[in-house]
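Count residues from 1 along the sequence.
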Amino acid sequence: MLVGRIQVVDLPLTVLSDGPDRGSQVRLVGRLHLQDGPQAWRKLQEIQRDVASLRELDLTDLESLDGAGAAALLAMQTRADRIGPGFTLVGANPKVERLLSLYRQGAGAGALQDQPLCKPLFVQIGESAWEQLSSLRDLLASIGGFTAGTLRAIRDPRSIHTADIPRLIERAGADALPIILVIDGLVGMIISVTAADQLQRFGGNVFLPNMIGVAMIRELGPLMTAFVLAGRTGASYAAELGTMRVNEEVDAARVMGLDPTRFLVLPRLIALLFVTPILTILGTILGIVGGLFIGMTTLDVTPIVFWSRLHESVSTLDVVEGLTKAFVFSSAIGSIACHFGLQTRGGAAEVGRSTTRAVVTSLFLLVALDGVLTSGFQVLRSA
């Protein structure tokens, strides 16, 4: 039987006070939500002031509450605990009890599981190694898919989106030519300046063309050109395809029956394969010209002597090695950039992360491939 007083407010929440000790138990009926917040909060505060010996707050008939209501009840309980023996919340249905338990966690009960501030060193090493192996596996799978798509495109060349190739050649070739010429020319001059001091000590001025010619044609010309293309064109490809993936343009192409490999990847690979050898040749020539300039101004090497020694020291195999590296490097740059671009997930931050990974992976792989190819051609020379 209900005794004591009945308090009804103009809210979805009705407050009933019951018990022989002037409201030792208070029952809430209805719901307690955010839109009722200010009035309901004042009502709860009035209950706490008016009820002298509140021991239980009965939630049996409380149909629902949201986060604001749960926070209000727990704040009321915390305040009561500070100034007296406090009260308990009883009779809550499972849904209400679940929300109250969630808010109690934030009130100082602690997280369900403490997370370590830092993972152990060997755990970090293992996770990083596994991540790198998974990335390598995905990269090899993508290269396999690109190769299969290339073979299918050879059988049906009309399936390639050739309309984009001239534009891609212009972006990867003509637009990159000035920076490649400047870098390769400066590299040739730097190598010549560094060697000039040593050559003068032993009277080997005439050997400068041999050194600069072999270094630029075999190694520095292809490698420096590839570095510039990886940081410029490769990053552009990765960001472009990553943005298309984030905007679901790649998925739309698949829905329309277009193979992303033939439609997006192969035109970019073809453009790189076409322009990289040309850029390598031009960059190598300018690097040799830079060496000639240093030889003329520092070592008194005449142009006739320079070109004569260069012709004697450089063989056809050296030129083949440089061009082979250019083709291999361009394939690696295009494949890696397109792979990381098409693997992008998420938003703008992921596009930037994919671009960074594409450039870093390309630079690492270029150095590794250069070592393998140099070793292979060295074996051919000694055979």
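Side chain of Asn93 to backbone of Lys95: a donor-acceptor contact under 3.5 angstrom is found. The main-chain N or O of Gly352 is found under 3.5 Å from a side-chain atom of Thr356 such that the two form a donor-acceptor pair. Looking only at distances, no side-chain donor or acceptor of Ser354 sits under 3.5 Å from a matching main-chain atom of Val351. At least one donor-acceptor pair under 3.5 Å links the side chain of Thr344 to the backbone N or O of Gly341.
Every pair tested for ring pair (Phe, Tyr, Trp, His ring centres under 6.0 Å) that includes a residue from residues 312-351 fails, sequence neighbours excluded, so the list is empty. Screening residues 251-309 for ring pair (Phe, Tyr, Trp, His ring centres under 6.0 Å), with sequence neighbours left out, gives His161-Phe263.
When all heavy atoms of Leu299 and Gln200 are compared, the pair lying nearest together is CD2-CG, 3.2 Å. Between Ala332 and Leu369, the closest heavy-atom pair is CB-CD1, 3.8 Å. Looking at every heavy atom in both residues, Leu65 comes nearest to Ala70 through CD1-N, 3.2 Å. Of all heavy-atom pairs between Ala326 and Thr276, the closest is O-CG2, 3.4 Å. Pairing each heavy atom of Ala271 with each of Leu168, the nearest pair is CB-CB, 3.7 Å. Nearest heavy-atom pair across Gln343 and Ser142 is NE2-OG, 4.2 Å.
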Can I get a per-line list of side-chain donor-acceptor pairs under 3.5 Å for residues 222-232, giving both atom names and the distance, sequence neighbours left out?
{"unit_1": "Thr225", "atom_1": "OG1", "unit_2": "Asp184", "atom_2": "OD2", "d": "3.2"}
{"unit_1": "Thr225", "atom_1": "OG1", "unit_2": "Gly221", "atom_2": "O", "d": "2.8"}
{"unit_1": "Arg232", "atom_1": "NH1", "unit_2": "Arg171", "atom_2": "O", "d": "2.9"}

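Taken from CZ in Arg245 to CG in Asn247, the straight-line distance is 12.0 Å, to the nearest 0.5 Å. For the atom pair OG1 (Thr284) and CD (Glu219), the distance works out to 11.0 Å, reported to the nearest 0.5 Å. Distance check, rounded to the nearest 0.5 Å: CE of Met211 to CG of Leu199 gives 6.5 Å. Separating the CG atom in Leu272 from the CG atom in Leu279 is a distance of 9.5 Å, to the nearest 0.5 Å. Going from atom CD1 of Ile270 over to atom CD1 of Ile169 covers 8.5 Å, rounded to the nearest 0.5 Å. Rounding to the nearest 0.5 Å places CD of Glu249 at 10.0 Å from CG of Leu241.
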Exercise for the section: Decide side-chain contact (heavy atoms from CB on, under 4.5 Å) for Leu310 and Asn210; before the verdict, give the C-alpha distance in whole Å, the side-chain angles of both, and the deciding distance to 0.1 Å. Expected result: CA-CA 6 Å; Leu310 181 67; Asn210 304 57; over 6 Å; no

### Task
Carefully, step by step, assess Ile333 and Leu365 under the rule side-chain contact (heavy atoms from CB on, under 4.5 Å).
CA-CA 9 Å; Ile333 293 169; Leu365 191 59; over 6 Å; no

Item checked: Chi angles and distances behind the side-chain contact (heavy atoms from CB on, under 4.5 Å) call for Leu273, Ser331 -> CA-CA 7 Å; Leu273 287 171; Ser331 301; 3.3 Å; yes

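Counting only heavy atoms from C-beta outward, the side chains of Asp300 and Met296 never approach each other to under 4.5 Å. With a 4.5 Å cut-off on side-chain heavy atoms, Val265 and Leu342 count as touching. With contacts defined as side-chain heavy-atom distances shorter than 4.5 Å, the pair Ser192/Leu208 qualifies. Side-chain contact between Ile217 and Ile288 is present, with heavy atoms from C-beta onward closer than 4.5 Å. With contacts defined as side-chain heavy-atom distances shorter than 4.5 Å, the pair Asp318/Arg381 qualifies. When side chains are defined from C-beta on, Val301 does not count as touching Val206, because their heavy atoms never get closer than 4.5 Å. Using a 4.5 Å heavy-atom cutoff, the side chains of Arg218 and Thr374 are not in contact. Contact check for Leu269 versus Ser335: side-chain heavy atoms found under the 4.5 Å cut-off.
Of the candidates Val367, Val359, Val360, Leu363 forms a side-chain contact (heavy atoms from CB on, under 4.5 Å) with just one, namely Val359.
Using modelled atom types, one finds a donor on one side chain and an acceptor on the other under 3.5 Å when comparing Arg357 with Ser135. Side chains of Ser101 and Glu97: a donor on one and an acceptor on the other come within 3.5 Å.
A salt bridge does not link Glu170 with Arg167: every distance from a Lys NZ or Arg NE/NH1/NH2 to an Asp or Glu carboxylate oxygen is 4.0 Å or more. A salt bridge links Lys325 with Glu321: the distance from a Lys NZ or Arg NE/NH1/NH2 to an Asp or Glu carboxylate oxygen falls below 4.0 Å.
Following chains of ILVMFWY side-chain contacts shorter than 4.5 Å, one cannot reach Val246 starting from Met244, and the two form parts of different hydrophobic clusters. Under the 4.5 Å side-chain contact rule for hydrophobic residues, Val275 and Leu282 share a cluster. Leu136 and Phe364 fall into different hydrophobic clusters, where Ile, Leu, Val, Met, Phe, Trp and Tyr side chains are chained together by heavy-atom contacts under 4.5 Å. Each of Leu140 and Ile336 belongs to its own hydrophobic cluster when Ile, Leu, Val, Met, Phe, Trp and Tyr are linked at side-chain heavy-atom distances under 4.5 angstrom. Note on Phe377: it does not cluster hydrophobically with Val314, by side-chain heavy-atom contacts below 4.5 Å among ILVMFWY residues.
By the side chain to side chain contact (heavy atoms under 4.5 Å, CB included) test, Ile281 is found to be paired with Ile285, Leu323, residues two or more places apart in sequence or in another chain being considered. Ser375 pairs by the side chain to side chain contact (heavy atoms under 4.5 Å, CB included) definition with nothing, not counting sequence neighbours. Every residue meeting the side chain to side chain contact (heavy atoms under 4.5 Å, CB included) condition with Thr194, not counting sequence neighbours, appears here in chain and number order: Ile190.
The environment of CG in Leu121 is crowded: more than 12 heavy-atom neighbours from other residues, nucleotides or ligands sit within 6.0 Å.
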